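Take a look at the structure below.
Note that ligands are numbered from 1 as they come in the structure, with each ligand's atoms numbered from 1 the same way. Predicted model only: the values in this text are computed from it and were never measured. Throughout, numbering of the chain's residues begins at 1 and tracks the sequence.
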Amino acid sequence: MSLNLFDTIPDFTQESTEGPLNFYDWARGDWVLLFSHPKDFTPVCTTELGAVAKLKPEFDRRGVKIIGLSVDPVDRHLQWAGDIERTQGAALNFPLIADVDRRVAGLLGLIHPNASDTATVRSVFVIDPAKRVRLTLTYPASTGRNFEEILRTIDSLQLTDKHKVATPADWKQGEDVIILPSVGEEEARALFPQGWTEHTPYLRTVAQPETAD
Ligand code: BEZ
């Protein structure tokens, strides 16, 4: 099964480095970053898990829980965690699912047989508090992901949900944003009483309503 944007993420219960984990109970009503790895003791994943552990305060600040997944068992995950701490200077500070029977990989469409029959692909799901998938990414096994970009996307999604704005190409925190095309003139006047710049009727920009700081 593959998941599309706005699909509801299916529930599952699986072993993890923090014990048996029921996904819906664990996620509750929070945002979630779920990311998968081909397997344990691989070089790119080692750097990624260290990078995410270091960025955890940034995910916390946005109300986003983090969970990783690969098909190795818990004892291998825990052994690998020692290497991650030693080589990356950051200890694992979020659960890693041990998807040994590939149940979760099947639900989330993480086995791509043309890539590998056994390893999970390097995917990312950002899931909103209503359990809907809001971002999917699948990267080559040999390319480490850019987690600053994932934080930037989460900032954009949260601004859209809260303020009915979109973010332009290469947008960064504090830069102008775009009023959603679905917002009519009257609603825009109520939402943005300070006014906006109308470049064309469909491209209206305003100062960012709030910053993440
Ligand atoms: C890895 O670190 O996961 C990896 C690196 C090169 C090729 C495939 C996987």
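For ligand 1, the polar-atom distance check against Pro43 finds a nitrogen or oxygen pair separated by under 3.5 Å.
Here is the list of ligand 1 atoms found below 4.0 Å of a heavy atom in Cys45: 2 (O), 3 (O). Ligand-side atoms of ligand 1 in range of Val44: 1 (C), 2 (O), 5 (C), range being under 4.0 angstrom from any heavy atom.
No cation-pi contact links Lys65 to Phe94, judged by a cut-off of 6.0 Å to the six-membered ring centre and 45° from its axis.
Nearest protein heavy-atom neighbour of atom 3 (O) of ligand 1: Arg122 NH2, 2.9 Å. Closest to atom 8 (C) of ligand 1, if we only count protein heavy atoms, is Ala141 CB, 3.7 Å.
Between Val177 and His163 there is no side-chain heavy-atom pair separated by less than 4.5 Å. Residues Leu3 and Leu108 are in side-chain contact: their nearest non-hydrogen atoms beyond the backbone lie under 4.5 Å apart.
Under the rule for a side-chain contact (heavy atoms from CB on, under 4.5 Å), the partners of Asp161 that lie at least two apart in sequence or sit in another chain are Trp31, Arg134.
Under the 4.5 Å side-chain heavy-atom criterion for ILVMFWY residues, no single connected hydrophobic cluster contains both Ile179 and Tyr202.
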